[in-house]
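Right, one structure below, let's go through it.
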Amino acid sequence: MRSPYTLDNPPPDEPPSEVLVPSLWRVQARWWKRHTPALDQQGAKHPVCGHCGQSWPCHSWACWDGQLGQAVHQSQTPEPDAGEARVSAAPPSRAIAFGGALAAGLAPT
(Lines give C-alpha, C1' and ligand atoms only; values in the text may rest on other atoms or scores of the structure.)
Protein backbone atom coordinates (compact mmCIF):
# COMPACT_ATOMS: atom_id res chain seq x y z
CA MET A 1 0.00 0.00 0.00
CA ARG A 2 1.46 3.34 -1.02
CA SER A 3 1.89 6.05 1.56
CA PRO A 4 0.51 9.56 1.05
CA TYR A 5 4.07 10.99 1.18
CA THR A 6 6.07 12.40 -1.73
CA LEU A 7 9.52 13.94 -2.24
CA ASP A 8 7.88 17.35 -1.84
CA ASN A 9 5.94 16.20 1.23
CA PRO A 10 8.08 13.59 3.06
CA PRO A 11 6.87 11.73 6.15
CA PRO A 12 7.37 13.59 9.42
CA ASP A 13 10.12 12.40 11.76
CA GLU A 14 7.63 12.22 14.60
CA PRO A 15 4.69 9.88 13.97
CA PRO A 16 1.11 11.07 13.76
CA SER A 17 -0.62 10.65 17.12
CA GLU A 18 -2.75 7.73 15.95
CA VAL A 19 0.20 5.53 14.81
CA LEU A 20 0.26 2.33 16.88
CA VAL A 21 4.06 1.90 17.17
CA PRO A 22 5.78 5.30 17.24
CA SER A 23 9.33 3.93 17.55
CA LEU A 24 8.83 1.82 14.42
CA TRP A 25 7.50 4.86 12.55
CA ARG A 26 10.73 6.75 13.27
CA VAL A 27 12.84 3.95 11.78
CA GLN A 28 10.61 3.62 8.72
CA ALA A 29 10.58 7.38 8.06
CA ARG A 30 14.37 7.59 8.43
CA TRP A 31 14.96 4.81 5.89
CA TRP A 32 12.27 6.21 3.54
CA LYS A 33 14.25 9.48 3.49
CA ARG A 34 17.60 7.72 3.03
CA HIS A 35 16.34 5.95 -0.09
CA THR A 36 15.33 9.08 -2.00
CA PRO A 37 17.30 10.60 -4.88
CA ALA A 38 20.24 12.83 -4.00
CA LEU A 39 19.48 16.54 -4.31
CA ASP A 40 21.25 16.78 -7.69
CA GLN A 41 19.20 13.79 -8.95
CA GLN A 42 15.71 14.94 -7.98
CA GLY A 43 15.10 16.81 -11.23
CA ALA A 44 16.77 14.16 -13.42
CA LYS A 45 14.75 12.22 -15.97
CA HIS A 46 15.98 8.90 -14.51
CA PRO A 47 17.06 9.60 -10.90
CA VAL A 48 19.02 7.12 -8.81
CA CYS A 49 18.70 6.45 -5.10
CA GLY A 50 21.09 8.54 -3.05
CA HIS A 51 21.71 5.60 -0.67
CA CYS A 52 21.92 2.41 -2.72
CA GLY A 53 22.52 3.86 -6.22
CA GLN A 54 19.71 1.86 -7.84
CA SER A 55 17.26 3.40 -10.26
CA TRP A 56 14.71 5.30 -8.21
CA PRO A 57 12.23 4.44 -6.85
CA CYS A 58 14.46 1.63 -5.61
CA HIS A 59 13.14 -1.54 -4.04
CA SER A 60 14.07 -0.43 -0.52
CA TRP A 61 12.24 2.89 -0.86
CA ALA A 62 9.15 1.08 -2.14
CA CYS A 63 9.23 -1.27 0.88
CA TRP A 64 9.58 1.58 3.38
CA ASP A 65 6.90 3.57 1.60
CA GLY A 66 4.56 0.59 1.79
CA GLN A 67 5.19 0.15 5.49
CA LEU A 68 4.48 3.82 6.17
CA GLY A 69 1.33 3.52 4.06
CA GLN A 70 0.26 0.51 6.09
CA ALA A 71 0.90 2.35 9.37
CA VAL A 72 -1.17 5.33 8.21
CA HIS A 73 -3.92 3.08 6.85
CA GLN A 74 -4.13 0.98 10.04
CA SER A 75 -4.38 4.08 12.18
CA GLN A 76 -7.33 5.28 10.07
CA THR A 77 -9.20 1.95 10.16
CA PRO A 78 -12.00 2.02 12.73
CA GLU A 79 -11.93 -0.67 15.39
CA PRO A 80 -14.77 -3.22 15.15
CA ASP A 81 -17.55 -2.97 17.70
CA ALA A 82 -17.10 -5.02 20.85
CA GLY A 83 -19.94 -7.31 19.75
CA GLU A 84 -18.31 -8.15 16.42
CA ALA A 85 -16.35 -11.35 16.27
CA ARG A 86 -12.77 -11.07 15.01
CA VAL A 87 -12.24 -13.85 12.49
CA SER A 88 -8.93 -14.55 10.83
CA ALA A 89 -9.13 -14.46 7.04
CA ALA A 90 -6.43 -17.12 6.66
CA PRO A 91 -7.25 -20.75 7.40
CA PRO A 92 -4.94 -22.57 9.82
CA SER A 93 -1.86 -24.02 8.20
CA ARG A 94 -1.60 -27.73 7.45
CA ALA A 95 1.32 -28.00 9.87
CA ILE A 96 -0.85 -26.75 12.72
CA ALA A 97 -3.69 -29.09 11.77
CA PHE A 98 -1.28 -32.03 11.44
CA GLY A 99 0.39 -31.16 14.76
CA GLY A 100 -3.03 -31.15 16.42
CA ALA A 101 -3.77 -34.57 14.96
CA LEU A 102 -0.45 -35.88 16.30
CA ALA A 103 -1.26 -34.50 19.74
CA ALA A 104 -4.63 -36.24 19.64
CA GLY A 105 -3.02 -39.51 18.50
CA LEU A 106 -5.02 -39.52 15.27
CA ALA A 107 -2.25 -39.09 12.70
CA PRO A 108 -0.73 -42.15 11.06
CA THR A 109 2.78 -42.96 12.20
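Treat the numbers as computed from the prediction; the structure is a model and nothing was measured.
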Would Val19 and Met1 show up in the same hydrophobic cluster when neighbours are defined by side-chain heavy atoms closer than 4.5 Å?
no
Verify same cluster id: Leu7, Val48 (apolar side-chain graph, 4.5 Å):
no
Taking Trp25 for the side chain and Pro12 for the main chain, is one N or O donor matched with an acceptor at less than 3.5 Å?
yes
Just by modelled atom types, is the Gln28 backbone N or O under 3.5 Å from a matching donor or acceptor in the Lys33 side chain?
no
To the nearest 0.5 Å, what is the distance between OG (Ser60) and NE2 (His51)?
7.5 Å
Could you label the plane-to-plane angle of the Trp31 and Trp64 rings as parallel, tilted or perpendicular, counting under 30° as parallel and over 60° as perpendicular?
parallel
On a heavy-atom basis, the closest approach of Pro4 and Asn9 is O-ND2, 4.4 Å
Whether Asp65 and Arg2 form a salt bridge (side-chain N of Lys/Arg under 4.0 Å from carboxylate O of Asp/Glu) is what I want to check.
yes
Given side-chain contact (heavy atoms from CB on, under 4.5 Å), test His59 with His35 step by step and report yes or no.
CA-CA 9 Å; His59 179 74; His35 283 277; over 6 Å; no
Does [X] reach the side chain of [Y], with side-chain heavy atoms less than 4.5 Å apart?
X     : Y     : answer
Ser3  : Trp32 : yes
Pro10 : Tyr5  : no
Pro15 : Arg26 : yes
Cys49 : Thr36 : no

